[in-house]
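Encoded as structure tokens, the structure appears first; notes follow it.
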Amino acid sequence: MVEPVAIVAPDAGWPRRARELAAEVRGLLGGWLTNEMVHIGSTAISGLPAKPIVDLMAATKDPAATVVITQHSLASALWFLVPPELDRRPWRQVLGGVRAAYQPPTCQKGARRAGRLRRPPRSGLLRRLGGALHRSAVRRSGRVDLHPRTDGAVIGGADMHTAVVGAGPTGLYTAIALARRGHQVTAIDRDPGPDGDGLWNRRGVMQFHHPHGFRQQVVDALLAEMPKVWDDLIAAGAQPATLPDQPGQPGRVVGLRCRRLVFERVLRSAAEAQPGVTLRTGHVDDICRERGRAVGVRMDGHQVDADLVVDASGRADQLNRTFRGPAEGGDCGIAYVSRQYQLLPGAPNGPMNAPFGMVTTYPGYHAIVFIHDNRNFATLIARAGTDRRLAALRFQEVFEAASRAIPSLAAWTAPDRSRPITAVLPGGRLNNTYRGQLNDAGQVALNGLIFAGDAVCTTNPSVGRGVATSLMQAQQLVHLLDEHRRDFISCSLEFDRWCAENIKPWFSDHVYGDAELIRRWSGHDVDLTRPVPADLIMAATEVDPAMLKVVGPYMAMLALPASLAAVEPRAREIYASGWRPPVPDGPTRDELVELVTAVVRSRSA
Ligand SMILES: Cc1cc2nc3c(=O)[nH]c(=O)nc-3n(C[C@H](O)[C@H](O)[C@H](O)COP(=O)(O)OP(=O)(O)OC[C@H]3O[C@@H](n4cnc5c(N)ncnc54)[C@H](O)[C@@H]3O)c2cc1C
């Protein structure tokens, strides 16, 4: 169905209306505007019959950042973002290059479209609508769904009490989202939270001080349920990670550059401030059960009663090993060493080849730079876990020597650009694991106990998908609880199905791709008797950029790994022709081993 095109007689009030709307938007965009706003389109032409829609043009220095940073205040005034890619949806009817009609989104009762701000060559497209544009639904399904905003709204079951085990990203997000719907939530973590001075040791979460990149799905999840957390992250110095402008396509936000420390500190503060959330420090030792259902948790010997228990206790998930069937997967085969740095005053960023920083892949190891908040960044060397000859990278002198030898790391960590702010940090075991909601008999593990986040799925962190898959789950779980209310069995079953369809494919992608990567890192060539793995398909876009149409959405996690099947034959053809990804400048794996060995020898001499 498309909205009929209504051309109406010219209205002398249109220019005045345009001035009013321009003044309103100017107030909201403030210093981001580089020029005066201009009334354009047919309503700007005196005496011309037109569609009764006022078009305004606004130019900004950095359209993607402008939209992200101002969208909370824009949304409060009922201006909502229509991502530019929606303009290319098939339901847009474009006749002779002129948009003639569009499918109207379903609006809240009584809402009406009051005007829109059309995208000039270098800005985002905003449309004024009653109701909130649910951006993640748009991104994933290509549909436009409008939902009433949930800010502070009570959606049902307001008397439900939920105990959330674990106050990491999944637990905090779930707690805030449930409390915003009027539920009472107790989130329990063995970690007491940051010290008064803002430092945070965070024992028990090994990855806390390792580099993190937060993907688009994390941004979407925050903006959909708790936009103020996004604003607070930006205020705390986090930066939107943006793709640069392309011809015909303005740059857009694809994630967040931020230390995990800052991300969790802001999320935790939001949970502390959220009415309905109680944060408690303690160790959850057991799930309390009565008549085959969860009725709370045992924390340091005391029972905390609850109607629902959400286990967001992370990847170790010691607590609930007995309830569910065993996890699939295991060690991902990669080992990590990282260190955090800060740019010196006035020093510019080093080289970048990705929105989050710089990724360089050598046959035998990865060297990655993650840009974080407040001029901080982290470097990372990832190797095969079995490559013991590189294990000494965990020693400071060895890591520093390797960083000087690898051009991308050398550029970022040069003493005239930055200084280290942490010790060299080796990573612990890194797993690809998946564990659904069901027990060995294929039934819901326990009525009223639902697992989410890393407790369901962990993936090789060098690709940075963990918080994305965790918050996607938390967001989905909260929606299913809205729908199923206290029917926790149905909710668990549906959540399990959803995770199997939307989360597990990322786990399977890693299991296959990581094993293939480790095989190649140990000296083997591309194996064309087997499906070409995702990393090689991505690399092959260098030869055939047309593949990016399919590969790009996969890289951004907007399309599931199965979507790559459409270009796998083309990638296979490229590798069959003998092409291999070019080896970047810098030490080969064997040269790195030599360097590491030499530094170790000189240390012990
Ligand atoms: C080295 C490394 C680097 C990573 N880098 C990235 C990245 O760049 N981008 C990305 O998106 N993801 C990354 N990840 C993944 C990401 O860190 C996880 O997906 C994320 O932490 C999952 O959040 P969670 O809340 O489910 O679990 P966690 O963060 O592990 O939180 C679980 C919480 O539960 C608490 N807890 C556990 N058991 C109990 C108990 N019995 N009683 C009380 N409290 C308990 C713990 O103290 C912890 O606070 C990385 C992971 C690793 C290992």
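Numbers for residues simply follow the sequence, beginning at 1. These values consider heavy atoms only, across backbone and side chains, with no hydrogens, waters or symmetry-generated copies.
- For the residue pair Asp590 and Thr588, no side-chain donor N or O sits within less than 3.5 Å of a side-chain acceptor on the partner.
- A pairwise comparison of heavy atoms in Asp454 and Gln207 identifies OD2-NE2, 4.1 Å as the closest pair.
- Looking at Arg260 and His209, their side chains never come closer than 4.5 Å, going by heavy atoms from C-beta outward.
- Side chains of His372 and Asn374: no donor on one and acceptor on the other come within 3.5 Å.
- Arg419 places no side-chain N or O within donor-acceptor distance of the main-chain N or O of Leu344, the cut-off being under 3.5 Å.
- Side chains of Ser408 and Thr360: a donor on one and an acceptor on the other come within 3.5 Å.
- For the salt bridge (charged side-chain N to carboxylate O under 4.0 Å, His left out) condition, the pairs that include at least one residue of residues 526-537, sequence neighbours left out, are Glu516-Arg530, Arg520-Asp535.
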Side chain to side chain contact (heavy atoms under 4.5 Å, CB included) between Val398 and Leu393, worked out: CA-CA 5 Å; Val398 180; Leu393 282 166; 4.2 Å; yes

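- Gln437 contributes no side-chain N or O that, together with a main-chain N or O of Ala452, makes up a donor-acceptor pair within less than 3.5 Å.
- A donor-acceptor pair under 3.5 Å is formed between the side chain of Thr458 and the backbone N or O of Thr433.
- Between Asp373 and Arg259 there is a salt bridge, with a side-chain nitrogen of the basic residue lying less than 4.0 Å from a carboxylate oxygen of the acidic one.
- Side chains of Pro240 and Ile234 form a contact here, defined as non-hydrogen atoms less than 4.5 Å apart.
- Around atom CZ of Arg280, no more than 12 heavy atoms belonging to other residues, nucleotides or ligands sit under 6.0 Å away.
- A 4.5 Å side-chain heavy-atom check between Pro581 and Glu542 finds every atom pair outside the cut-off.
- No more than 12 heavy atoms of other residues, nucleotides or ligands sit less than 6.0 Å from atom CG of Asp585.
- Under the side-chain hydrogen bond (donor to acceptor under 3.5 Å, both in side chains) test applied with Asn460, the options Asn432, Asn431, Asp331, Asp514 reduce to a single match, Asp514.
- Contact detail for Ser470 and Gly453: the closest heavy-atom pair is OG-CA, 3.5 Å.
- For the residue pair Asp509/Tyr554, the side-chain donor-acceptor check at 3.5 Å is satisfied.
- Just one of Arg601, Arg404, Arg603 meets the salt bridge (charged side-chain N to carboxylate O under 4.0 Å, His left out) condition when paired with Glu397; it is Arg603.
- Between Arg570 and Glu573 there is a side-chain heavy-atom pair separated by less than 4.5 Å.
- Residues Leu592 and Arg383 fail the side-chain proximity criterion, which asks for heavy atoms closer than 4.5 Å.
- A pairwise comparison of heavy atoms in Glu264 and Pro169 identifies OE2-CD, 3.9 Å as the closest pair.
- Taking OG of Ser269 as the start and NZ of Lys228 as the end, the distance is 9.0 Å to the nearest 0.5 Å.
- Around the CZ atom of Arg389, the shell of radius 6.0 Å holds no more than 12 heavy atoms that belong to other residues, nucleotides or ligands.
- Side-chain atoms of Tyr173 come within 3.5 Å of backbone N or O of Ala221 as a donor-acceptor pair.
- Between Phe263 and Phe214, the two ring planes are parallel [angle under 30°; tilted spans 30° to 60°].
- Closest heavy-atom contact between Leu560 and Asn502: CD2-O, 3.8 Å.
- For Met206, the CE atom counts as densely surrounded, since its 6.0 Å shell holds more than 12 non-hydrogen atoms of other residues, nucleotides or ligands.
- Ring pair Trp200/Phe208: centre-to-centre distance below 6.0 Å.
- In this structure, the side chain of Thr174 does not engage the main chain of Ala474 through any donor-acceptor pair within 3.5 Å.
- Scanning all heavy atoms of the two residues, the minimum distance from Val532 to Ile537 falls at O-CD1, 3.5 Å.
- With Gln217 as the fixed residue, the side-chain contact (heavy atoms from CB on, under 4.5 Å) test singles out one of Leu558, Thr469, Leu471, Val467: Leu558.
- In this structure, the side chains of Val284 and Ser313 stay at 4.5 Å or more apart for every pair of heavy atoms.
- Between the Arg202 side chain and the Asp191 main chain, no donor and acceptor come within less than 3.5 Å of each other.
- In this structure, Arg324 is positioned above the aromatic face of Phe451, its NZ or CZ under 6.0 Å from the six-membered ring centre and within 45° of the axis.
- The shortest distance between side-chain heavy atoms of Pro587 and Ile406 falls below 4.5 Å.
- Taking 4.5 Å as the limit, some side-chain heavy atom of Tyr434 sits within range of a side-chain heavy atom of Val456.
- In this structure, Asp189 and Ala167 approach most closely via the heavy-atom pair OD2-N, 2.6 Å.
- Ring pair His210/Tyr336 is perpendicular by interplanar angle, where above 60° counts as perpendicular and below 30° as parallel.
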